[in-house]
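In what follows, a single structure is set out as C-alpha cells and then discussed.
These numbers come from the heavy atoms of this one structure, side chains and all, not from hydrogens, waters or symmetry mates.
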Amino acid sequence: LSDDGGTGAVAQPALAAATPAAERAGAPEYAADATMVQARIEAKSGDRERSIATWRRALELAAKIPQRERSAHLLAYARVELAAALVETDPDAAEELLAGVALQGTGELAIAAAMVQADVAERRGDWSTVETVLRQAIERSRAEREELPQLRDRDLFFARREALHLRLVRLLVDRGEDEPALAALEDWRTESLPGSVEAAARPPSEDLGDRLAREPGRAFYSLLALPDELLVWRRTPAGPVLVRHRLSRARLQELVTGAVADVRRRGGGDSARRLARLVFGDELPAGVERLVIAPDAALFAVPFAALPVPGADVPIVAAHQVVLVPGLRSWLALRERAAMPMGCALLVEGGADGGALDPGLPGVRQLGDELRELAKTHACSLFARSVPELRAQLAEHPALIHYAGHTLASGPAGGSLLLAGEKDVEPLESAEIESWRLQGPLVVLSTCSAAEGRPSPLAGRDGLAR
C-alpha cells in the first residue's frame, strides 16, 4: 500500500477494499496492517480525531492476531503511535499506553516510544526527565547497534537515532548548555567511525573543550543545520561561543548553492560573503594559523578555503590553512593516532576482473606491477592478494593499507572488495570490514565506486570508504 506522498489518493481506494476483505477472510493481521496505514494517512492529512479513532481500531485488530509474537509487535507499534497522537491533549493517557513498550521493543520501536515519553515530559515542563529519557534511549540503541548487525545499516533505525541525538542537542542548546550540546553532537558524529578510532575519540574522563584548548595556533568550528536554524560553535583563542542563526535548512541550501556559484566566478558575491560571516563572524581570529571545520552534511559542498575573509575580498586560504573534518573529536583521535610510530604498508592487490559476481567489469592486469613500484617508497611493505592473506597480514598492524582493484558498491551484504579466490574472485564484504578493530591506519582505496553509499553524519556518504 502506498500513501501517495501523504494525499492517500492511491491508498484510500485500496484500503477501502482491503480492510473489510481481510476481516471477512478472518485475516486480522492484514486488517491491522491496512488500518494502521489508514491511521497514518489521516494523521498526515491533519484529521487528528479520526486518526486517533483508527489507531484504537488497529489495537483491537492486532489483539485478535493468533500469532502471539506478531500480535505483540503490532500492539506495541499501535500503542506508540496512538500515544504520540494523544500527547498534546491527554499526556496521562499517552503515558499509560507507553507503559512497558520501551522495554519490550527494540530498534526503531523503542526509539519511537522514547521520543513520545520525551514529548510527555516536555508537555509537563519536566526538562530533566526529557534529557534522561533521550540519553537512556541513545545508550540503549547504541548497544543494539553494536550487538545486532541487522539493525546497524537499516535506514529507519539510522534516521531515528539521528533524531534522538539532534533532539538532545537542541534541548541542551535551549537550556544554555552550549558545551554539553557540542559534546552530544560529537558523540553522534563519532559513532560512524571504525571502532578503535571511536573509542579513542570518546575518552571516559576528559572534556572535549579541554582537549581542544591544548591545540595552539588553531581555531575550531562545528556546524549543525537544523530544520529551522544553523548552529555554529566557535572555539578561538578568545574562548568558546555558540551562535544561533535563524535560517531554515532550505534557505541555507540556497545560500550554499549561491556561494559555490560566487566562488566559481572567482569573485566575492553576496552569497559567499554572507556564508563566510555566518560561519566565522565579523572577523577571523588573530594569531591562528589553521581553521579546523566540522561541517554539517548539508555544508560539505562548501569550498570554505575559497570563501572571502569577512570584511575583505581575499580568500581565506590566503591567510589560513583550512582543514575539513568529520568531527572535532574524531580529528583529535586521528591526529593522536597519526603521531604513533609508523609501521609497515600493507599493499592489497584486487582480483583481475569481476569474475562471476560482475562479469561486466573490465580486466585489470598491471595492478601487481604498480603495487611493487609503490612498495619502493616504503621502508617496510606487506602484500596480500587473497582474503586469507589480507586477514593474516592485518595481524601485523600496518600503518597504511593500500587496496588497488575492483569493488562492488552494493550487494546483499553491502559493498565489497573483490580479491582473488581459488577459482573465482572472492568478495570481502563490508560487514566483515566493519568488524575489524584496526589501530588507526591510513587507508587508500584505489578503486571505482568506493565513495558511494547512503547519507551519513560523516562526510556525506556511508559506504565502503567509511
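Of the inter-residue distances, the one linking Phe304 atom CZ with Phe280 atom CZ reads 6.5 Å to the nearest 0.5 angstrom. Atom CD of Glu29 and atom CG of Asp33 lie 5.5 Å apart (nearest 0.5 Å). With values rounded to the nearest 0.5 angstrom, Leu382 atom CG is found 11.5 Å from His397 atom NE2. With rounding to the nearest 0.5 angstrom, the CG atom of Leu172 is 11.0 Å from the CG atom of Leu242. With values rounded to the nearest 0.5 angstrom, Leu400 atom CG is found 5.0 Å from Leu442 atom CG. Atom CG of Leu223 is separated from atom CZ of Arg234 by 9.5 Å, given to the nearest 0.5 angstrom.
With Thr35 contributing its side chain and Ala31 its backbone, the two residues share a donor-acceptor pair below 3.5 Å. At least one donor-acceptor pair closer than 3.5 Å links the side chain of Asp296 to the backbone N or O of Ala225. Proximity of a side-chain donor or acceptor of Gln117 to a complementary backbone N or O of Leu98 within less than 3.5 Å is not detected. A donor-acceptor contact shorter than 3.5 Å is absent between the side chain of Ser381 and the backbone of Ala345. Side-chain atoms of Arg290 do not come within 3.5 Å of backbone N or O of Gln321 as any donor-acceptor pair. No donor-acceptor pair closer than 3.5 Å links the side chain of Ser330 to the backbone N or O of Thr190. His245 places a side-chain N or O within donor-acceptor distance of the main-chain N or O of Leu278, the cut-off being under 3.5 Å.
Contact annotation: the side chain of Val279 never approaches that of Leu307 to less than 4.5 Å [non-hydrogen atoms, C-beta and beyond]. Taking the side chain as every heavy atom from C-beta outward, Leu371 and Tyr403 never approach each other to under 4.5 Å. With a 4.5 Å cut-off on side-chain heavy atoms, Leu171 and Glu131 count as touching. In this structure the side chain of Ile138 reaches within 4.5 angstrom of the side chain of Leu168, judged on heavy atoms. No side-chain heavy atom of Val425 sits under 4.5 Å from any side-chain heavy atom of Leu419. Two residues are said to be in side-chain contact when any heavy atoms from C-beta on lie closer than 4.5 Å; Leu394 and Ile401 meet this criterion.
Of all the heavy atoms in Ala94 and Val87, the pair that sits closest is CB-CG2, 3.9 Å. Looking at every heavy atom in both residues, Pro240 comes nearest to Arg235 through CB-NH2, 3.6 Å. Looking at every heavy atom in both residues, Val130 comes nearest to Ala118 through CG2-O, 3.5 Å. Pairing each heavy atom of Gly209 with each of Glu179, the nearest pair is CA-OE1, 4.2 Å. Taking every heavy atom of both residues into account, Gln253 and Ala298 meet most closely at OE1-O, 3.9 Å. The two atoms that bring Pro303 and Val260 nearest to each other are CD-CG2, 3.9 Å, heavy atoms only.
His165 and Trp188 have tilted rings, their planes meeting at an angle from 30° to 60° on a 0 to 90° scale.
Using modelled atom types and a 3.5 Å distance limit, the side chains of Thr54 and Gln38 yield no donor-acceptor pair. Side-chain atoms of Arg161 and Ser141 include a donor-acceptor pair closer than 3.5 Å. Under the 3.5 Å distance criterion, with hydrogens and angles disregarded, a donor-acceptor pair is assigned to the side chains of Arg189 and Ser222.
A centroid separation of 6.0 Å or more is found between the aromatic rings of Tyr221 and Trp331. A distance of 6.0 Å or more separates the ring centres of Phe220 and Trp233.
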Requested in this report: Dump the intermediate steps for side chain to side chain contact (heavy atoms under 4.5 Å, CB included) on Arg218 and Glu215, then the final yes or no.
Outcome: CA-CA 6 Å; Arg218 295 177 175 88; Glu215 296 290 335; 3.3 Å; yes

Requested in this report: Start with the C-alpha distance between Glu349 and Arg385, add both sets of side-chain angles, then the distance that settles salt bridge (charged side-chain N to carboxylate O under 4.0 Å, His left out), and finish with yes or no.
Outcome: CA-CA 5 Å; Glu349 181 180 350; Arg385 298 186 68 249; 3.2 Å; yes

Requested in this report: Kindly determine whether Arg329 and Asp187 satisfy salt bridge (charged side-chain N to carboxylate O under 4.0 Å, His left out), including the steps that lead there.
Outcome: CA-CA 8 Å; Arg329 271 194 180 145; Asp187 280 348; 2.4 Å; yes

Query raised in the report: Please walk me through it: do Leu226 and Arg170 pass side chain to side chain contact (heavy atoms under 4.5 Å, CB included)?
Result: CA-CA 9 Å; Leu226 294 173; Arg170 172 68 72 89; 3.2 Å; yes

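Between Asp119 and Arg167 there is a salt bridge, since a side-chain N of the basic residue sits under 4.0 Å from a carboxylate O of the acidic one. Classification of Asp228 and Arg244 as a salt-bridged pair fails, no side-chain N sitting under 4.0 Å from a carboxylate O.
The list of salt bridge (Lys or Arg N to Asp or Glu O under 4.0 Å) pairs with a residue in residues 388-409, not counting sequence neighbours, reads Arg391-Glu432.
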